[in-house]
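Beneath this line is the structure, given in structure tokens, with notes to follow.
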Amino acid sequence: MKATEHPRNLGLAQRMLVVDPHGHRVADARVGDLIRMLGPGDVVVVNDAATVPGSIAVTAPSGRRHELRLVTRLREGRWCAVLMGEGDWREDTDGRPPPDALGVGAALHARSGAFRIHAVDARSPRLVTVDFVPPAGVSPLEWLYDVARPIQYSYASRPCATREVQGPFAARPWAVEMPSAGRPLRVSLILKLRAAGVEVRR
Amino acid sequence: MKDNAAALITGAGRGLGRALAMALHRRGYRLVLVARTRAELERTATEVRDAGGDAHVIVADVGDPDEAPRIAALASDVVGDIQLLVHNASALGPLPMPLLADLEPDALQRVFDVNLFGPFRLTRAVVAGMVLGDGGVVVQVSSDAAVEAYPGWGAYAASKAAADHLTRTWAAELAEAGVRFFAVDPGEMDTAMHAQALPDADPSTLADPSEVAARIVAMIDAGVGGGERLVAGAWERSA
């Protein structure tokens, strides 16, 4: 297998596996083939999540550097997250050192603000819930774009920019990793599908 | 216009951008205001809110390639889909405005970053939501410099001419998808930007940005948006 070095985007030429549960068939195709496979009465649902930068370099009360990786938005300014010790995306996640054992109320400092531990999961000190404490007058989301960078992994050859990890229909900012299934789609294909009577929803 | 539609205006801190904010609020739009200077943006937002309107501010430099996804995401978070996008933020380039022979290529790049690539990136970040949602309108603020050759204005003029033609192509591509595009030459207005470019101009000969804004809103209401390039001072709503 040739490892991916950076998010590729083959568009309509991207390989696509077609699974027909009723006919018990599995077939190889390309994303562009959708126009031949779908027609009136069919529905395509696209993921309109925008990818927010979800990795933040933080400093624990001990002074030790950690990485906070957001997982799930619970409400504005409160997220479930994974906390890891020193290092960043260049190291394999499995090899990252454990975080400090932090209690509720502990603050992880980032540039100009902090993340306060709201809860620590009983299963692991790596799984936490944090409340954003942004600077005065700045919304939690606005601050996140300022202090965070995209989550990425050690197979990548260089840092990713937030603009490089957006799906084609990115709108509502809640995903911490690119909704990759939709990445090969193109507006041109969506327009053709709609013209052919296919419903397209978000 | 969809009830409670949302408009995003760049360069909303002053001049035509601020005037458009007030005019669109009066027309019933919820507003997202974008500019580089927080203090100016907050002044516009306060004016809108004091008049009973809904305004959110995003401090951003549209010339920065990383800003479009952030602007679009922050806007989506506060107002949901955008139905009206106004590309008003503009860079003149170096002052005093140089002949092309004296214009550094990097300065031309910066003008294009703000006036062409910024609007292009932001349209791309917003237009899919318009296509999949309730449609929309994209307005490109232009200039008569885009069609006339004024010495010293080469960088700005070329960027506006390019933006005008992208507008025509966008319209041709997405008309059937319910997204309208048009460009508007606002004419010479009594604004800070005009004073920077032409400091000796007589303000009494310059248009009031509020009147120009009212005409642009009327164009939007009239259903303009097949890629036309309109001149605000000459536009009359046809019967």
Side-chain angles (χ1 to χ4, degrees), chain A residues 43-54 73 75-77 135-150 159-176 178-179 182-183 185-195 198-202, chain B residues 6 8 32-34 38-39 41-42 45-46 56-83 85 113 117-118 120-136 169-170 172-179:
Chain A
V43 179
V44 170
V45 182
V46 300
N47 188 335
D48 69 342
T51 310
V52 302
R73 181 183 183 276
R75 62 164 171 80
E76 191 191 10
V138 178
S139 75
L141 186 63
E142 200 181 342
W143 181 56
L144 183 64
Y145 275 89
D146 189 40
V147 298
R149 50 178 321 287
C160 292
T162 301
R163 71 178 188 275
E164 295 177 290
V165 291
Q166 304 299 322
F169 307 101
R172 295 177 295 140
W174 60 266
V176 291
M178 181 173 60
R183 184 164 163 85
L185 294 174
R186 293 291 179 266
V187 171
S188 63
L189 178 65
I190 296 303
L191 294 176
K192 285 178 187 161
L193 287 171
R194 286 216 306 214
V198 177
E199 198 177 336
V200 182
R201 297 235 192 117
R202 294 176 286 176
Chain B
L8 190 154
V32 177
L33 308 173
V34 180
R38 185 176 289 278
L41 270 182
E42 290 292 354
T46 299
H56 306 269
V57 307
I58 300 175
V59 178
D61 176 355
V62 298
D64 182 333
D66 289 321
E67 292 282 51
R70 182 177 77 92
I71 294 168
L74 291 174
S76 174
D77 196 51
V78 293
V79 297
D81 284 341
I82 299 290
Q83 283 79 35
L85 175 59
D113 283 343
F117 282 90
F120 179 62
R121 289 192 170 100
L122 195 49
T123 295
R124 285 191 78 242
V126 167
V127 79
M130 290 179 170
V131 168
L132 294 178
D134 299 310
T169 310
W170 275 117
E173 290 178 351
L174 294 183
E176 286 175 25
V179 189

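Numbered from 1 within each chain, the chains take letters A, B, ... in sequence-line order.
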Taking atom CZ of A:Arg201 as the centre, report whether more than 12 heavy atoms of other residues, nucleotides or ligands fall under 6.0 Å from it.
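Count not over threshold, so no.
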
Q.
Counting only heavy atoms from other residues, nucleotides and ligands, does the tally under 6.0 Å from CZ of B:Phe117 exceed 12?
A. no

Quiz item: Would a 4.5 Å heavy-atom cut-off, applied to side chains only, mark A:Leu191 and B:Leu174 as touching?
Solution: yes

| said: In the structure I gave you, are the side-chain heavy atoms of B:Asp81 and A:Arg202 within less than 4.5 Å of one another anywhere? | reply: yes

Is it the side chain or the backbone of [X] that comes within 4.5 Å of chain A heavy atoms, both, or neither?
| X | answer |
| --- | --- |
| B:Glu173 | backbone |
| B:Ala68 | neither |
| B:Ile58 | neither |
| B:Arg38 | side chain |

Distance from [X] atom [atom1] to [Y] atom [atom2], nearest 0.5 Å?
| X | Y | atom1 | atom2 | answer |
| --- | --- | --- | --- | --- |
| B:Glu67 | A:Arg163 | CD | CZ | 11.0 Å |
| B:Leu74 | A:Glu142 | CG | CD | 6.0 Å |
| B:Arg70 | A:Asp146 | CZ | CG | 7.5 Å |
| A:Arg194 | B:Glu176 | CZ | CD | 11.0 Å |

Between [X] and chain B, which part of the residue has a heavy atom less than 4.5 Å away: side chain, backbone, both or neither?
| X | answer |
| --- | --- |
| A:Pro168 | backbone |
| A:Val46 | side chain |
| A:Ala170 | backbone |

key: Those residues that, when tested against A:Pro179, pass side-chain contact (heavy atoms from CB on, under 4.5 Å) (two or more places apart)   =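 Checked A:Pro179 against side-chain contact (heavy atoms from CB on, under 4.5 Å); matches are A:Asn47, A:Ala49, A:Thr51.
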
### Query
Looking only at heavy atoms, which two atoms of A:Ala161 and B:Asp66 are closest? And how far apart?
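Nearest heavy atoms, A:Ala161 then B:Asp66: CB-OD1, 3.8 Å.
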
Exercise. Taking all atoms of both residues into account, what is the closest heavy-atom pair of A:Pro173 and B:Ala73, and its distance?
Worked result: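 Closest approach of A:Pro173 to B:Ala73, heavy atoms only: CG-O, 3.4 Å.
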
Are there residues of residues 126-136 of chain B whose heavy atoms fall under 4.5 Å of chain A's heavy atoms? If so, which?
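Those residues of residues 126-136 of chain B which have a heavy atom under 4.5 Å from chain A are B:Ala128, B:Gly129, B:Val131, B:Leu132, B:Gly133.
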
